[in-house]
Amino acid sequence: MVDKDDLDFLSASTIKGGKVVNRAGEDLGKIEEIMIDLQSGKIAYAVLSFSEFMGLGNKFFAIPWQILTLRLHEHAFLLGITKETLERQETLKKETGL
């Protein structure tokens, strides 16, 4: 029997579109896509869609999967970074196919 409070698996469609927040509870965006390491078959990173101002000008970031923490009861993933840090970071290039 699967315990909904102690999940071992999530579907890709559940992860995609998932909210990402920081420790302060600020909304950092959503998971736009997940990228699979073809050699290991595991998730390598999530593509974070971050909007700087009122949903305009989305920036995309490759976030290593292992630094995201699932917050099951909040229906969100925790990323230990500030909004200001994301605003200053370089984004993924268009050539990535996103």
Side-chain angles (χ1 to χ4, degrees):
M1 180 178 209
V2 176
D3 180 355
K4 68 177 185 164
D5 291 327
D6 187 24
L7 296 178
D8 289 328
F9 304 97
L10 286 176
S11 69
S13 61
T14 299
I15 295 169
K16 191 173 175 181
K19 180 170 67 169
V20 178
V21 297
N22 63 16
R23 285 178 178 52
E26 296 175 304
D27 183 9
L28 298 179
K30 67 177 183 172
I31 296 177
E32 195 71 31
E33 197 61 74
I34 56 172
M35 305 304 286
I36 307 295
D37 178 322
L38 295 178
Q39 297 300 315
S40 70
K42 296 180 180 180
I43 299 175
Y45 62 92
V47 177
L48 172 66
S49 174
F50 170 74
S51 178
E52 289 188 90
F53 181 72
M54 296 179 68
L56 302 173
N58 281 359
K59 296 169 100 175
F60 298 96
F61 299 97
I63 307 296
W65 183 250
Q66 59 270 27
I67 69 170
L68 289 168
T69 303
L70 177 62
R71 292 242 170 132
L72 185 60
H73 297 291
E74 296 174 36
H75 302 282
F77 291 88
L78 174 69
L79 177 61
I81 195 168
T82 65
K83 275 185 133 174
E84 293 76 21
T85 300
L86 281 178
E87 289 168 348
R88 292 190 306 263
Q89 297 302 310
E90 292 287 323
T91 65
L92 290 172
K93 303 293 182 209
K94 288 285 186 187
E95 300 84 55
T96 60
L98 297 174

With sequence neighbours left out, the residues meeting salt bridge (Lys or Arg N to Asp or Glu O under 4.0 Å) with E26 are none

Applied to residues 35-49, the salt bridge (Lys or Arg N to Asp or Glu O under 4.0 Å) test, sequence neighbours excluded, yields none

Of all heavy-atom pairs linking M35 and V47, the shortest is CG-CG2, 4.1 Å

query = Can you check side-chain contact (heavy atoms from CB on, under 4.5 Å) on L68 and L48, steps first, answer last?
reply = CA-CA 11 Å; L68 289 168; L48 172 66; over 6 Å; no

- Message: Count I, L, V, M, F, W, Y as connected when their side-chain heavy atoms are under 4.5 Å apart, and connections chain through other members. Are L70 and V20 then in the same cluster?
- Response: yes

Side-chain heavy atoms under 4.5 angstrom apart, residues restricted to Ile, Leu, Val, Met, Phe, Trp, Tyr: same cluster for W65 and V21? no

The reported gap from CD in E74 to NZ in K19 (rounded to nearest 0.5 angstrom) is 7.0 Å

Would I15 and F77 count as a side-chain contact (heavy atoms from CB on, under 4.5 Å) if you check the C-alpha gap in whole Å, the side-chain angles of each, and the deciding distance to 0.1 Å?
CA-CA 9 Å; I15 295 169; F77 291 88; 4.3 Å; yes

Sorted by chain and residue number, the salt bridge (Lys or Arg N to Asp or Glu O under 4.0 Å) partners of K16 (sequence neighbours excluded) come out as E33

Rounding to 0.5 Å, atoms CZ (F61) and OH (Y45) come to a distance of 14.0 Å

Step-by-step side-chain contact (heavy atoms from CB on, under 4.5 Å) determination, E32 to K30 | CA-CA 6 Å; E32 195 71 31; K30 67 177 183 172; 3.3 Å; yes

Sorted by chain and residue number, the side-chain hydrogen bond (donor to acceptor under 3.5 Å, both in side chains) partners of S11 (sequence neighbours excluded) come out as S13, T14

E84 meets the side chain to side chain contact (heavy atoms under 4.5 Å, CB included) criterion, sequence neighbours left out, with T82, E87, R88

Rounded to the nearest 0.5 angstrom, the CD1-CD distance for I43 and Q66 is 10.5 Å

Between the CG atom in L28 and the OG1 atom in T85, the distance rounded to the nearest 0.5 Å is 9.5 Å

